[in-house]
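Below is one structure, written out as structure tokens, with a few remarks after it.
Each chain gets a letter, A, B and so on, in the order the sequences are listed, and its residues count up from 1.
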There are 2 protein chains.
Amino acid sequence: MSRPCHHNHQEPIKLDDLTERLREKSQKITGPRQAILEVMRREAHPVTNKKIMALLPDGVCDLVTVYRSMHLLEKMGLVRRFDFGDGAARFELVRGNSEDHHHHLICTECTTVVEIEQCFPNALEKQISQESGFKKLSHKLEFFGICPECQS
Amino acid sequence: MSRPCHHNHQEPIKLDDLTERLREKSQKITGPRQAILEVMRREAHPVTNKKIMALLPDGVCDLVTVYRSMHLLEKMGLVRRFDFGDGAARFELVRGNSEDHHHHLICTECTTVVEIEQCFPNALEKQISQESGFKKLSHKLEFFGICPECQS
DNA sequence: GCCTTATTGCAAATGATTTGCATAAGGAGG
DNA sequence: CCTCCTTATGCAAATCATTTGCAATAAGGC
């Protein structure tokens, strides 16, 4: 009874929707935030703060502002945080249903990233919850391997 | 066709075995390394470098030596590295079959750790490998939740 | 437009981990 | 047991990612 994650890779998401969600939470819609969301919209895979900074038009804002913005966006559920194990946090825009989530497969040679459909089976997670007595379970799961390119 | 991880929590492992494995790889058996292995032997769950340092008898060695030793032990397969998402690496002694591995369930309130039997299903991982073309797949998986104590 | 409050920039602090380098300690061979 | 060569270690300082303090600035409601 496993239930794979659903994800909407390419589903377009309008900047207006995002700014609207910001407004709902009485957060100000500032230049840096709009620009950052604009960048995130274009990225298909998780990106680091430094990368976001680099993708931003020159002079939009400070790196510190990127950090602070990502914290805010994460807390608001607009982006999701990932850890690929290299010491730098990565963020990906949440598209569509915020309940959905997906995992990644990262090439340990070239760091190419591929989205994965498969998720940890719900039934198993439920079993873990029952056996341990823990509630509100969630998990962090990422895969690593050698991509086709790097196998030669 | 899922295949849960096997793990030998309490299986005793002799220091001699460990030093022997060190010797095989022509690494020196130094005081700090023996003391660190001794500490690791006693720990049931992953511990940070700082914690290892604290558990070591006073003056055994420098924190830097702990970092370097853990790198070595990890490379030699004597310990495994884990990331609980709080910015500090944690290590656990590999007991028994080095093929085995297990995951953890961490309480997000008090950081209590529980070992988990369930692992990501082999069949699904194989499927991911086939679909993506990636080889030598591995995964990092940790669970988070609220432990019984913290639910009240 | 004005005012209150959230936001930003910049510098500096943190925390984990790594590195350079001179000194000290394993251990193979005699 | 002693010597020599190599690996380890201590200590200080460098890196890296991320956070924080604070004064200056911009958003948005009224």
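Under the 4.5 Å side-chain contact rule for hydrophobic residues, Val64(B) and Leu37(B) do not share a cluster.
Where pairing requires Watson-Crick or G-U contacts shorter than 3.5 Å, the helical stems of DNA chain C with at least three consecutive pairs are C:1-30 with D:1-30.
Take Phe144(B) and apply the side chain to side chain contact (heavy atoms under 4.5 Å, CB included) test, not counting sequence neighbours, and it matches Ser138(A), Lys140(A), Ile106(B), Thr108(B), Glu142(B). Here Arg90(B) pairs with Asp86(B) under the salt bridge (charged side-chain N to carboxylate O under 4.0 Å, His left out) rule; sequence neighbours left out. For Glu74(A), the salt bridge (charged side-chain N to carboxylate O under 4.0 Å, His left out) partners are Arg81(A), not counting sequence neighbours.
Smallest separation of non-hydrogen atoms from Gln118(A) and Gln127(B): OE1-NE2, 3.1 Å.
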Summary of protein contacts for nucleotides 10-18 of chain D, nucleotide by nucleotide, where a base hit scores B, a sugar-phosphate-only hit scores S (4.0 Å, heavy atoms): BBB----SB
Base versus backbone protein contacts along nucleotides 24-30 of chain D [heavy-atom cut-off under 4.0 Å; B, S, -]: ---BS--
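Taking the six-membered ring where tryptophan is involved, the planes of His104(A) and His45(A) are perpendicular, since the angle between them exceeds 60° and thus also 30°.
One can place CE of Met76(B) at 15 Å from C1' of dA8(D), the figure rounded to the nearest angstrom. Leu72(A) places its CG atom 15 Å from the P atom of dT20(D), with the value rounded to the nearest Å. To the nearest angstrom, P of dT17(C) lies 14 Å from CE of Met53(B). Taking atom CD of Glu74(A) as the reference point, atom C1' of dT19(D) lies 15 Å away to the nearest angstrom.
The shortest distance between side-chain heavy atoms of Phe91(A) and Asn49(A) falls below 4.5 Å. Counting only heavy atoms from C-beta outward, the side chains of Glu109(A) and Cys147(A) never approach each other to under 4.5 Å.
Summarising the local packing, CD of Glu149(B) is surrounded by 12 or fewer heavy atoms from other residues, nucleotides or ligands at distances under 6.0 Å.
In this structure, Phe120(A) has its ring center under 6.0 Å from that of Phe143(B).
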